Amino acid sequence: MEFCTKISKIREYDVIVAGSGPAGMAAAIMAARQGVKTLIVESLGRLGGISTSGMMSHFTGNVGNKFYHEVLERASQKNYFEPGKKTEFIDPEMLTLTYIEMLEEAGVDILLYTTVCDVLMENDVLKGIVCYNKDGFTALYSKVVIDATGDGDVAYKCGIPYVLGRESDGKMQPATLMFKVGGVDMERAVFATSFETLVHTEKGELQSLAREKLPYPAGHVLLYWSTIPGIVTCNMTNITEIDGTNAESLTKAEVSCRKQIPAIVNFLREYAPGYENCYVVGSASLIGIRETRHFEGMKKITEDDIAQAVQHDDYVVYDAYFNFDVHNITGSGLDETGCQHEFVQTKGYTIPYGCFVPKKIDGILLAGRNISGTHMAHSNYRAMPICMGMGEATGVAAALSIKNHKKVREIDAKDIQEVIGGLN
């Protein structure tokens, strides 16, 4: 059987950003703000990736890069109940509108419902991508592609070497489908913001009850405030042994997590004070995949860099802060390698520019959880504010390479620092 892959359209840009999650949003907007013609491509019908379609509860961790703080400030203006109050908690609807406004103001072209399916290579140089959508196959040429797909779908098709999951055995963090419940008595409601948060009730300690009562591999309690009264975001579905780069595995994750939701709601009604009358009001349209490919870059960030808060001279992400948030690879809760409350490093760390630049292939930059780093380091830098910092830096780097007629690997980190600011 023969298949036809006729190219229906050809378009050209200076910068193409694949993926519109936190890293992709920052990359596209910052590139366009530097005056280069920019396109952002998204496979879903909604901008924002995991921060919106994934129904994330809040931005966790922090970063010094300014773009993240601009997003918080602008999104806060759309808060229905407390307009102008800056908060890390996410209203997916308002955050989506904030992204749209920022893209349009910067002059970024937007292409939704479009999937990257191939790359346009010339020797070891990426010249663009091939996408598929309702129009058929489209060839999108560019001077620089920023891979913000999370899984590194563009980098993978370029043949850039990578490690899948944990270096020792290829195991990856579990997946989660977020959902929200309404009807919560907020005056009595309990919240658990980490695996190590113990919630004592008349019927017992909530984390212990969850391990006993919920269907495996669910078994922990993570409950977060929202921007809407009476609504609580639940990070409690859980599925292990999932490969986010495989469609069958993704399907298994989606089905399994959705089947866990009724049991979780019944558990909350029975055991969580304030949730006696709760009910599901919505669930994510994008499964939360925490870890897949770690690509090989000019440099690699390690857990030691983070634990020691290393200040690299060639940094482009600065004052990054989070913990080693390794979800249990074999079950529920925190993995034995993870560290939340016991994470003692309070100083921010930096990420050097080389972590975003592949060793051999030109014309491409990495941004987001697919950058060059170890499994343990990734559990920290995958936090959305830090990913926004990566996008900000790569968007500027791409623009500098075009305006100065240089390869992205030839860009001096200090030139990026002059645009994004940084350490004193």
Side-chain angles (χ1 to χ4, degrees), residues 17 20-34 38 40 47-52 54 56-106 108 146 148 193 224-227 306 309 311-312 315-323 325 345-351 353 356 367-369 371 380-397 399 413 416-424:
V17 178
S20 75
M25 293 300 309
I29 291 167
M30 289 303 294
R33 285 178 178 178
Q34 310 314 305
T38 305
I40 190 165
L47 293 161
I50 199 66
S51 66
T52 55
M56 285 297 293
S57 53
H58 63 295
F59 290 102
T60 187
N62 206 347
V63 73
N65 295 64
K66 297 174 184 177
F67 184 87
Y68 163 62
H69 301 281
E70 180 185 350
V71 169
L72 286 190
E73 185 67 36
R74 294 190 57 151
S76 72
Q77 302 303 320
K78 299 183 182 300
N79 189 326
Y80 282 127
F81 297 95
E82 296 181 275
K85 181 181 179 181
K86 189 175 178 180
T87 177
E88 289 77 22
F89 291 98
I90 294 172
D91 181 328
E93 303 304 322
M94 296 302 102
L95 183 57
T96 302
L97 289 174
T98 299
Y99 287 149
I100 291 172
E101 288 178 358
M102 293 178 74
L103 287 168
E104 290 182 340
E105 288 171 10
V108 178
I146 299 175
T193 58
Y224 300 101
W225 293 267
S226 77
T227 59
I306 294 171
Q311 306 299 300
H312 298 276
Y315 73 87
V316 292
V317 174
Y318 58 96
D319 290 337
Y321 181 79
F322 194 41
N323 55 55
D325 188 31
Q345 177 55 268
T346 58
K347 298 179 181 178
Y349 65 92
T350 61
I351 305 178
Y353 180 53
F356 311 110
R369 60 178 172 84
I371 69 167
N380 187 299
Y381 65 65
R382 69 180 177 84
M384 293 190 295
I386 302 173
C387 287
M388 279 194 179
M390 299 178 194
E392 178 182 71
T394 54
V396 171
I416 303 173
Q417 294 167 13
E418 287 185 6
V419 179
I420 67 174
L423 301 170
N424 295 322

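If you're wondering where the values come from, they're calculated on a predicted model, not measured in any experiment.
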Next on the checklist: The test is side-chain contact (heavy atoms from CB on, under 4.5 Å); show your working for K78 and L97 and say whether it passes.
Outcome noted: CA-CA 9 Å; K78 299 183 182 300; L97 289 174; 4.2 Å; yes
Next on the checklist: Once you measure the plane-to-plane angle for F89 and H58, does it fall in the parallel (<30°), tilted (30-60°) or perpendicular (>60°) bin?
Outcome noted: tilted
Checklist entry - In terms of ring plane angle, is the pair Y318 and Y315 parallel, tilted or perpendicular, where the classes change at 30° and 60°? => result perpendicular
Next on the checklist: Before you tell me yes or no, could you show the steps for F59 and M388 under side-chain contact (heavy atoms from CB on, under 4.5 Å), namely the whole-Å CA-CA distance, both residues' side-chain angles and the distance that decides it to 0.1 Å?
Outcome noted: CA-CA 11 Å; F59 290 102; M388 279 194 179; 3.9 Å; yes
Quick check against the 3.5 Å criterion: does [X] have a side-chain atom that pairs as donor or acceptor with the backbone of [Y]?
X    : Y    : answer
Q311 : G348 : yes
N65  : V316 : yes
S57  : Y224 : no
R369 : A383 : no

Which atoms form the tightest heavy-atom contact between [X] and [Y], and what is the distance?
X    : Y    : result
A31  : T38  : CB-OG1, 3.7 Å
A106 : A32  : O-CB, 3.4 Å
V17  : A148 : CG1-CB, 4.3 Å

Min side-chain heavy-atom separation [X]-[Y] under 4.5 Å:
X    : Y    : result
E70  : K66  : no
I386 : I351 : yes
Q34  : V396 : yes
I146 : F356 : no
V317 : I420 : no
M25  : M102 : no

Checklist entry - CZ of F81: more than 12 outside heavy atoms within 6.0 angstrom? => result yes
To the nearest 0.5 Å, what is the distance between [atom1] ([X]) and [atom2] ([Y])?
X    : Y    : atom1 : atom2 : value
Y321 : T346 : OH    : OG1   : 6.5 Å
R74  : E105 : CZ    : CD    : 4.0 Å
E88  : T227 : CD    : OG1   : 12.5 Å
Y381 : C387 : OH    : SG    : 9.0 Å
S51  : I90  : OG    : CD1   : 5.5 Å
M94  : S76  : CE    : OG    : 12.5 Å

Item to check | Working for side-chain contact (heavy atoms from CB on, under 4.5 Å), residues W225 and T193 | outcome: CA-CA 9 Å; W225 293 267; T193 58; 3.7 Å; yes
Checklist entry - Is R33 salt-bridged to E392, going by a charged N under 4.0 Å from an acidic O? => result no
Checklist entry - Do K347 and D319 sit within salt-bridge range, that is, some charged N less than 4.0 Å from a carboxylate O? => result no
Checklist entry - After noting the C-alpha distance and the side-chain angles of Y353 and T394, does the key distance pass the side-chain contact (heavy atoms from CB on, under 4.5 Å) rule? => result CA-CA 8 Å; Y353 180 53; T394 54; 5.5 Å; no
Item to check | Option among T52, V108, I40 that satisfies the side chain to side chain contact (heavy atoms under 4.5 Å, CB included) test with S20 | outcome: I40
Checklist entry - For the side chain to side chain contact (heavy atoms under 4.5 Å, CB included) test, which of N380, V63, N62 pairs with F322? => result N380
